[in-house]
2 protein chains.
Amino acid sequence: MALAHAILVSLLDRPHSGYEISKRFDKTVGFFWRARKQQIYQELHKLAEDGLVSAETVEQVDRPNRIVYSITDDGRQTLDDWVREPTPYPSVKEELLVKLFSLGDVEVPVLVDQVRQRLAEHEERLAYFQSLMKTHYPKPATLSGRKLGHYLGLRLGVMNEESGIAWCKEALLLLERPKAGAH
Amino acid sequence: MALAHAILVSLLDRPHSGYEISKRFDKTVGFFWRARKQQIYQELHKLAEDGLVSAETVEQVDRPNRIVYSITDDGRQTLDDWVREPTPYPSVKEELLVKLFSLGDVEVPVLVDQVRQRLAEHEERLAYFQSLMKTHYPKPATLSGRKLGHYLGLRLGVMNEESGIAWCKEALLLLERPKAGAH
DNA sequence: CTGCTCATGTAATCGGTTACATGATTGT
DNA sequence: ACAATCATGTAACCGATTACATGAGCAG
């Protein structure tokens, strides 16, 4: 279990449809836990079967009906138990690292391009996180509850991007440095 | 494809058996790309079928035979093509973040414990990376080729752990702060 | 008339984890 | 005696991705 819990957490605030959860994921939690909409729909079915969420169809005119899910007491209990379990260290799949390990058999400029691309992505994400920071959390000193959790998530995002940027710059310096011993 | 490439990169240096690759993964690449030994054995079979590696059985007395794999020209070409492809942003699955998003419904001390645990893990990994750094790369200024790639991998590890540690400390300060408005 | 948003799903496949299976040698 | 290391694998399952499928309304 894992995505199940992320969905349950989303429902703590208020009920949501699968579509809404999917959209929310893209903008907030999705930066730390990616999930496709198909997976969210399927997971919601499972959660409903297990009685951790309850479903209610909301009829709509001129557009498809929505199925709105709410967390149940069982769901709340499941979440609470899960939060107390030890948290596994996040699993990393960093292809760029694997590519760097091939240095020597692949020309340096190819890898320089890859690092530059990554740097641009980090900077874009950092800018996005910082804009969220400004609009939603101008003064973090007064936060509490759910809001504080969201703020800390954003802070982790900012700090990760910053350290990624620092690494890219260092890597570029070393990769683009004229070869030692070249005349 | 992804693990396949990580294995091919491992074979650039010299031929290895599945067992050796598995051990190597645990100590080096595995910090950035985890894989179980079963998966490595199976992937090696696939790679051999596709002609990207060649297998040779080495008979041994008093212990099981080894199957030693070497990268083929086709394998090298496949790797080279892959390195040139755009690198996807690493997929993150950070459960701790999801747990923090439940703040307000779960008691703060539970999450404080989780963050403390994470901090300890970061510090352990950082110490390990730094010890590798000292023994293998005392002066990075003179590195080139494969060695430089490995060094940069280690640097990314160090920097990630450092930023993780900084985040944990900040999070603990905010979580343990006496509640605003409490008398 | 093209593409976007809203809204839900099924099916096939791939990648990864867990469990199961074997067996000799070396070190404590 | 017991655990660890060396050395290889199969089978079942679960989780995630990709492809396929539908269909109305609205903005440019």
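Just so it is clear: chains get the letters A, B, ... in the order the sequence lines come, proteins before strands, and each one is counted from 1. Computed over heavy atoms, backbone and side chain alike; hydrogens, waters and symmetry mates excluded. Please read these numbers as outputs of a predicted model, since none were measured by experiment.
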Let me check something: any side-chain donor-acceptor pairs from residues 37-45 of chain A under 3.5 Å, sequence neighbours excluded? List them with distances.
none

message = Which residues end up grouped with A:L173 if you chain together Ile, Leu, Val, Met, Phe, Trp and Tyr wherever their side-chain heavy atoms are less than 4.5 Å apart?
response = none
query = Going by side-chain heavy atoms closer than 4.5 Å, which hydrophobic residues are tied to A:V68, directly or by a chain of links?
reply = A:V58
ask   = With ring centroids as reference points, do B:H122 and A:Y89 lie under 6.0 angstrom apart?
value = yes
ask   = Should the pair B:R118-B:E95 be classified as a salt bridge under the 4.0 Å nitrogen-to-oxygen rule?
value = no
message = Under a 4.0 Å threshold between the charged nitrogen and the carboxylate oxygen, would B:R84 count as salt-bridged to B:D80?
response = yes
message = Set out, in order, the CA-CA distance, both residues' side-chain angles and the distance that settles ring-ring contact (aromatic ring centres under 6.0 Å, His included) for A:F101 and B:H150, then state yes or no.
response = CA-CA 6 Å; A:F101 275 50; B:H150 287 197; 4.3 Å; yes
ask   = Between the two ends of the helix from C:dC1-D:dG28 to C:dT28-D:dA1, what is the bend in degrees, rounded to 10 degrees, where each end axis spans five pairs?
value =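 One end axis against the other gives 40°.
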ask   = Does B:R24 make a cation-pi contact with B:Y19 (under 6.0 Å, within 45 degrees of the axis)?
value =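 No, cation not above the ring by the 6.0 Å, 45° rule.
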Send over the distance from [X] [atom1] to [N] [atom2], rounded to a whole Å.
{"X": "A:F25", "N": "D:dA16", "atom1": "CZ", "atom2": "C1'", "result": "13 Å"}
{"X": "B:R66", "N": "D:dT8", "atom1": "CZ", "atom2": "P", "result": "7 Å"}
{"X": "A:N65", "N": "C:dA7", "atom1": "CG", "atom2": "P", "result": "10 Å"}

key: Per-nucleotide protein contact string for nucleotides 11-22 of chain C (B base, S sugar-phosphate only, - none; heavy atom under 4.0 Å)   = ----SSBBBB--
message = Can a side-chain donor-acceptor contact be found between B:Y137 and B:R155 if the only test is distance below 3.5 angstrom?
response =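 There is no such pair (donor and acceptor under 3.5 Å, judged by atom type) between the side chains of B:R155 and B:Y137.
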message = What residues from residues 13-23 of chain A pass a heavy-atom cutoff of under 4.0 Å to DNA chain C?
response = A:S17, A:G18, A:Y19
